[in-house]
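The next block holds one structure in the form of structure tokens; read it before the comments.
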Amino acid sequence: MRELKHLYNLEKLLEESNHELVQKASREGKIAVGDVCSMIPEVLLNLPGCFSVRLRAPRTGTIEIGTYYMTSLLCEYCRALVERAVEGGYNFLDCIIAPDACAAMNRCVENMELLKTCEKEKFFITYSDVPMKSDETALEHYVKQMRLRVLEPLHDTYGIDISEEALRQAVEEHNRICRLIREIGEFRKEEYPRITGYEFHVFCLATYCCPKEELIPILEETLEEVKEREPDEKYRIRVVLAGSEIDDLDFIKLIEESGALVAADRHCFGSFPGRDEIVLREGEDILTQICRHYMVTGQCPRYMNTEKIEERKDYVDRLAMEYHADGIIYEQMKFCDYWGYERMAASHIMHEEYGYPVLSVDRPYVVGSSGQLRTRVQAFVESVEIKKLQGRTKETEKPHTRAKEGKRWAGK
């Protein structure tokens, strides 16, 4: 297929955290807000006058410094962030807004603070308590935390407008990004997709790491390009990729070079559910509506109430049906506690109770050209192909409904 005009430039941008679009926004006087987890509503970090940057450590080599401060048994993503912070890679930030989401991320951000990795005069770090259940009590606490730990510090330190009007403006810009990225992603449903999973991931990842207003014209132009594009490849199989942080472009490339189109992306840097539009209604506080949206749509395994646990499996099932997936790949960052349990349970349940072929992997933060991982993906692709040739497709193996008593089952 014809190369997308903005693909190469975005690939180069994503090789740095402090890239030229971030530098441009900083020169214009906008406040750069470091973001480390989707449990902090991203839209609150993109109020007029500031912009969010989801922290990454692209081109990571060794993580010896991060390991020294955090031990070798904690998440490699968190260790890589500490490594990059000590190197001075986040000196451009004006603050970091962190959730009390997991022990590894807490230690990561605490080390950044204790080691004084950023010496800007007004630089600050805040920590917020975030829900583990999805109910009205949790929502009330969530709203209070977001006001105390996010909005008020931004207003008091940098004079950011946190009025309902400003919140509404931030939601409108967020929704515009969501509509564009989802519309681009829709083309992955086609039998001969006009955009690959890798290409889509480049554009989607950029929406987490670049000032939103700079990306809107790029996404608009790319959408028109994709509409006119002539597809030239049919993948051997299609998969839903579900799991923790994936900001390593090489991981998606490895999967697709092995013959599996990443048709849907349910991970922490993906479009599901991170690029769901926020629907505002009249008659209720906007901050409450924003927090409810993130709590209700969130698919993080930190949510441990039974309804959320069941919902996460159904959500992946719906994506697999909608995007015509032949199988599911569950991945987790090495030593990620939440996703370690989720991957173990979900990979069994999605196969035994929903009837999908499932590949379950844990991976390093930087995959590179891992021969072992490539071999596992290639073997998975071949096994799914064989089942398709034998006529044992997803549609004939299982119904897409539950029994009335609430149990999932696969037809024989």
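Keep in mind that this is a model prediction, so the values were computed, not measured.
Judged by distance alone, with hydrogens and angles left aside, the side-chain atoms of Asp362 form no donor-acceptor pair with the main-chain N or O of Gln332 at under 3.5 Å. Although no hydrogens or angles enter the test, the distance criterion places no donor-acceptor pair under 3.5 Å between the side chain of Tyr77 and the main chain of Ser244. In this structure, His174 contributes its side chain and Val43 its backbone to no donor-acceptor pair below 3.5 Å. Checking side-chain atoms of Glu225 against main-chain N and O of Lys5 turns up a donor-acceptor pair under 3.5 Å. Between the side chain of His267 and the backbone N or O of Ala242 there is no donor-acceptor pair closer than 3.5 Å. Using a distance-only test at 3.5 Å, with no hydrogens or angles considered, a donor-acceptor pair links the side chain of His201 to the main chain of Ile246. Under the 3.5 Å distance criterion, the side-chain polar atoms of Arg238 are left unmatched by any main-chain donor or acceptor of Val262. Side-chain atoms of Arg312 come within 3.5 Å of backbone N or O of Cys300 as a donor-acceptor pair.
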Distance-only criterion, 3.5 Å: show the donor-acceptor pairs between side-chain atoms of residues 140-149 and protein atoms not counting sequence neighbours.
unit_1: His141; atom_1: NE2; unit_2: Asp129; atom_2: OD2; d: 2.8
unit_1: Tyr142; atom_1: OH; unit_2: Met39; atom_2: O; d: 2.5
unit_1: Gln145; atom_1: OE1; unit_2: Asp129; atom_2: N; d: 2.8

Donor-acceptor pairs are to be reported for all side-chain atoms of residues 86-93 against protein atoms at under 3.5 Å, with residues two or more places apart or in another chain.
unit_1: Glu87; atom_1: OE1; unit_2: Arg84; atom_2: NE; d: 3.1
unit_1: Tyr90; atom_1: OH; unit_2: Arg56; atom_2: O; d: 2.5
unit_1: Asn91; atom_1: ND2; unit_2: Gly88; atom_2: O; d: 3.2

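With a 4.5 Å cut-off on side-chain heavy atoms, Glu322 and Lys189 count as touching.
The number of heavy atoms from other shown groups lying within 6.0 Å of CD (Glu165) does not exceed 12. The environment of CD in Glu230 is sparse: at most 12 heavy-atom neighbours from other residues, nucleotides or ligands sit within 6.0 Å.
For Asp35, the salt bridge (Lys or Arg N to Asp or Glu O under 4.0 Å) test picks out Arg54, with sequence neighbours left out. Under the rule for a salt bridge (Lys or Arg N to Asp or Glu O under 4.0 Å), the partners of Glu16 that lie at least two apart in sequence or sit in another chain are Arg59. Lys227 meets the salt bridge (Lys or Arg N to Asp or Glu O under 4.0 Å) test with Glu183, Glu224; sequence neighbours excluded.
Residue pairs meeting the side-chain hydrogen bond (donor to acceptor under 3.5 Å, both in side chains) criterion with at least one member in residues 273-295, sequence neighbours excluded, are Glu42-Arg275, Arg179-Glu277, Arg182-Asp276, Thr207-Arg275, Glu284-Arg292, Asp285-Thr288.
For the 3.5 Å distance criterion, the side chains of Glu310 and Tyr315 fail to qualify, holding no donor opposite an acceptor.
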